[in-house]
Amino acid sequence: MTHWSSGQDTTLSRWNQGFESPMGHHWILQTISETNWRSSFFSQRHAFGSLPETKERPAKRVSNDDKEINMDYNKLANLLFPDITKSVADYEEHYPKRKLPPEAKVTRLGPSPTGFIHLGNLYGAFADERLAHQSGGVFILRIEDTDQKRKVEGSEEVVIKALDYFGIHFDEGATLDGEKGEYGPYYQSNRVAIYQTVAKHLVEIGCAYPSFATAEELDEIRQKQEVQKLVPGYYGEWALDRNLNYEDIETKIKAGEPWVLRLLSTGDPSETMQVEDAIRKSVQVHPNNMDAVLLKTNGVPTYHFAHVVDDHFMRITHVVRGEEWLSTLPIHLELFEILGWDHPVYCHTAHLMKMDGDTKRKLSKRKDPEMSLSYYAEVGHFPAAVREYIITLANSNYEEWHQANPEQPLEEFQFSLEHMSTSGALFDMNKLNDVAKDVLLKTSEEDIADFLINWATRYKEEAAPIFNRDRDKLIKILAIGRDEKKPRKDLEYCQQIFEFISYFFDEWFTIVDELPENVNAQAARAILTDYLATYDQNDDNGNWFNKIRDITEKLGYAVKMKDYKKHPEDYNGHVGDVSTVVRLAVTGRRNSPDIWTIQQILGEKSVLSRLQTYMGSLS
RNA sequence: GACCCAUUGGUCAAGUGGUCAAGACACCACCCUCUCACGGUGGAAUCAGGGGUUCGAGUCCCCUAUGGGUCACCA
C-alpha cells in the first residue's frame, strides 16, 4: 500500500500532483519527465519473488535512434483518457485491505463465460475453495468476460450451477441473484473504469503508450523476426510506436485511428530470476520485455492487465491457475512492480491430462466434451464422489488420511499446496468409479434415491415418473446387500445405477443374457417347472435355498461346487447353473444380487409371471 | 524454433543421500461363494538414458532423450 516514498532528488516544483492518502501517508504522484523515479519504484522487494535490479527508465523518452521525444505524459494521459477523473488512490481507498486474520487466504475463480467448464477447472477451483475456507478466508467468483467474441449468453448461470453442483460455493462475487460483496463489480466488463484509471496512471508515469500498429504491420514484424531467428513480438526496437511523439499521437487519434495501450517494458530477458511458487517452490523465468497489450482497441483489458488490477483491488492473496500462465508470469510481475503493488502468492497447478491415442495432452474443451462438468451431471456422478476423487488427485496424502479417519468429512482434511503435483496427472475414470462405490456406501439409500429421482427428472424423463411412483421400492432396491459385514459396492453413478436396477421395473425388464453353457432349453424348462411347483413367496432365504438344492440334486446337478470341479463328468452341471436359470427368468440376466431378496422386492405376482413368461419362451 | 515446466509400475503416487523402493486403482491367479459384487491371499509390474559428486544416489550436479505448455487486441 505504501509505495511511493519521496525520491531523494526532489524539489517541490518537480511534483505535479500530491495526495493525502486515507492512511495519512503523504502520497505523491510524479511525472516521469523530470525525475529519477526509478529508485523509489523499483527498490521495493516482495515477500514472494523478487525482480533483479531493473534497468533505469530513461528520465526522458528516447527514440531508438537516441533522439529525445517531445512528450508531456499528463497531456497524453488526458488525450487518451479524457473521461477518467478518478485516481488510483481513489480506488485504493474504495477497496481497502480486508480485515482478516493474517493466515486467512483470499482466492478467486475467474471463469470466462463460455458456458464450458471441465474437470481441470474443477481441480483448480477445489484448491481455491479449500485454501480460502479452511483458513477462514474468502472465496470469490469473478466473471472474466473481457472477450465479447467468446461470450455465450447465460453461461454464467451454467458455470455457477455446475460449480455449485460439485460443492464449490463462493462467499463473494457473481451469484444467481446478482452480485455480493464490497469489492465489486465482479464482472470484468463492468470494471472498465477501474482498468482505465490504472492505465491512465501508467501513461502518466511513462510506463504505457498507445500503439496504432495494425494486424498487418504486426504480421510483417513477426515475419522479419522469424527470418532473423529472433523472438517474435512487439518489444524493444521493434516497438516502433514507442517513438511516436505527442503530435503524432494526437493527429492519429483525432483521425479516429484505433489504438491499443501497450506496456512500455524495460525488462532484460537475458537476466534470470527465481520466482516463488507455492506449488513448485521456485520457478526460473526471465524478465519480460514484451510491450504487452494492456487495453484492447475497445478499451477493455487483456487478461494480463485485468489480473493485476483485479487481484490487487480485490485483495487476493493466492492466485491458483494453470501452468499455462507460467510463461506470461513475467508480464504480470513487471506490472505489479511498476505499480508498486505486492503480487499475490502464485500457485501454478499442473494440467489434468487425457490420453489421446498414445500420448497425453492437456484437457481441451473442444476435444473432450466428456470432460465437461455438464457431462458429469448428465450421467449423474455424485458430487461427493467427484470431490473425493479430485482431492485424491490434488493431495495424494488424502487417501491415507481418509483410511485413518474414515468417518471424517473431507473438510477436516488439511489441504495443502505443497502436496499438489507439479506434473500433469491423467484423469482415471476407474479410480473415480472406485471412489464412488465407497462414497455411495456411506450415503443413505434415501439420499441416493432422491438424487436419482432428481437426476432422472432432468436427464432421464421416462424414468422420473416411475421412480417417483415406486420410491419405496427404489429405496429397497438400493439397500440390497448394504447391511452385511461385507457390504456390496455396486453403485457408481446414476446412469450406471439405472442400468443396474432397471430389471426391477416391468417397463424396462427384458431378457438380455443367454442360458449358461451347461443348460439347454429343455433342461431349463425342467428346472423352472420344479421351481414353480415348490415356489413359496413366504419362504425365508434359507428355505428358499434349500429348495434350490433339492432341485439341483434331483435333476443331476452338483450341489457342491467342489464336487463338480473334481468330477464334472458326473454331473449335468452345478448349483450355480440351476440358480442362474432362475436368475435369468427373474432378472433377465446371469448376474445379479441375491435372487431371494430380489423376489421379495418384486412380489409374488411379478415373480410368477416372469417365471412363466420365460418358460414359455423356451422351446 | 525459442523459452518454461515436468519425467518412480498400465494409472495416481509415497520417497527429500543409508533396511529387500510404501500404498491405492486397474490387471492376473487362487480362496470365499447360488451368479455378480464385496472381502481375503498371492502375483506380475516402476526410479527415462548417460556421465559425474559421495563410502553410499530415485534423492545433489551436468548432458541427452521424451512428454507437456506458451509464444494473440483468448482467457
Side-chain angles (χ1 to χ4, degrees), chain A residues 110-114 144-147 149-150 188 211 213-215 218 222 226 229-234 258-262 269 277 280 283-286 290 292-304 306-307 321-330 348 350-351 353 355 359-362 389 392-393 396-397 399-400 402-403 419 421-435 437 441 480-482 484-491 500 513 516 544-545 548-549 552 559 561 574-584 587 589-596:
Chain A
S112 52
T114 57
E144 310 215 336
D145 56 350
T146 53
D147 185 12
K149 292 187 285 292
R150 301 205 314 171
Q188 289 184 330
S211 171
T214 62
L218 293 176
R222 186 178 5 264
E226 269 166 28
K229 293 203 192 323
L230 292 171
V231 179
Y234 205 76
W259 55 277
V260 297
L261 190 76
R262 304 192 96 110
D277 182 289
R280 290 156 197 268
V283 291
Q284 175 179 311
V285 296
H286 304 288
M290 294 288 164
V293 172
L294 267 20
L295 295 177
K296 304 184 242 183
T297 309
N298 58 5
V300 169
T302 55
Y303 170 87
H304 312 299
H307 151 58
R321 44 144 72 153
E323 63 180 324
E324 70 271 22
W325 295 109
L326 236 27
S327 55
T328 45
L329 180 57
H348 289 101
H351 288 140
M353 309 293 273
M355 215 57 191
T359 55
K360 298 197 235 180
R361 64 165 166 71
K362 172 186 166 186
Y389 175 63
T392 61
L393 219 49
S396 62
N397 53 325
E399 269 188 287
E400 209 171 288
H402 183 60
Q403 272 177 17
H419 281 104
S421 174
T422 50
S423 56
L426 226 41
F427 185 83
D428 186 350
M429 194 63 85
N430 271 326
K431 183 83 179 187
L432 201 212
N433 288 335
D434 180 70
V435 168
K437 287 178 185 174
L441 185 59
I480 294 174
R482 309 181 104 219
E484 340 256 311
K485 346 77 242 176
K486 289 171 190 165
R488 300 187 66 91
K489 297 180 185 175
D490 23 35
L491 309 180
F500 187 71
D513 284 333
W544 171 82
F545 192 55
I548 291 285
R549 276 217 189 89
T552 301
V559 172
M561 186 62 100
H574 52 82
V575 63
D577 293 323
V578 174
S579 65
T580 296
V581 172
V582 174
R583 172 171 281 114
L584 207 43
T587 70
R589 311 164 184 215
R590 282 163 63 156
N591 300 330
S592 84
D594 177 60
I595 300 171
W596 178 82

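Computation of the quantities below employed the complete heavy-atom set of this structure, encompassing side-chain atoms and omitting hydrogens, waters and symmetry-equivalent molecules. So that the names make sense, note that chain A is the first sequence line, chain B the second, and so on, each numbered from 1.
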TODO: Might you work through the side chain to side chain contact (heavy atoms under 4.5 Å, CB included) test for A/Asp428 and A/Tyr389, ending with a clear yes or no?
DONE: CA-CA 9 Å; A/Asp428 186 350; A/Tyr389 175 63; 3.6 Å; yes

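Taking the C1' atoms as reference points, B/G49 lies 38 Å from B/U41, given to the whole Å. Annotation: B/C60 and B/G67 have their P atoms spaced 24 Å apart (nearest Å). Remark: the separation of the C1' atoms in B/C61 and B/U16 is 16 Å, to the nearest Å. Rounded to the nearest Å, the gap between the P atom of B/C4 and that of B/C63 is 12 Å. Straight-line distance between the P atoms of B/C28 and B/A37: roughly 11 Å, to the nearest whole Å. Spacing of C1' atoms, B/C47 relative to B/A21, comes out at 8 Å, to the nearest Å. For the P atoms, the distance from B/G58 to B/U19 is 11 Å, rounded to whole Å.
Ring orientation note: the planes of A/His304 and A/Trp325 are nearly perpendicular, at an angle over 60° on the 30°/60° scale.
A residue-by-residue look at A/Ser423 and A/Gly233 shows that A/Ser423 has its nearest nucleotide of RNA chain B further toward the 5' end. Each of A/Met353 and A/Arg280 was matched to the nucleotide of RNA chain B holding its nearest heavy atom; the match closer to the 5' end belongs to A/Arg280.
Regarding contacts with the backbone of B/C5, every side-chain N or O of A/His348 stays at 4.0 angstrom or more from both OP1 and OP2. At least one side-chain nitrogen or oxygen of A/Lys296 sits closer than 4.0 Å to the OP1 or OP2 atom of B/A75. For the pair A/Ser396 and B/A14, the criterion of a side-chain N or O lying under 4.0 Å from OP1 or OP2 is met.
Here the nucleotide nearest the side chain of A/Asp428, chosen from B/U11, B/A75, B/C12, is B/U11.
Once rounded to the nearest 0.5 Å, the distance linking CZ of A/Arg590 with CZ of A/Arg583 reads 11.0 Å. Note that CZ of A/Phe545 is 7.0 Å distant from OG1 of A/Thr552, once rounded to the nearest 0.5 Å.
In secondary-structure terms, RNA chain B builds stems of at least 3 consecutive Watson-Crick or G-U pairs, each pair having both distances under 3.5 Å, at B:1-7 with B:65-71, B:10-12 with B:23-25, B:27-31 with B:39-43, B:48-52 with B:60-64.
At a cut-off of 3.5 angstrom, counting only N and O atoms as typed in the model, there is a donor on one side and an acceptor on the other between the side-chain of A/Thr297 and the base of B/C73.
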TODO: Let me have a per-nucleotide readout for nucleotides 29-39 of chain B, 5' to 3', with B, S or -, counting only protein heavy atoms under 4.0 Å.
DONE: ---S-BBBBBS

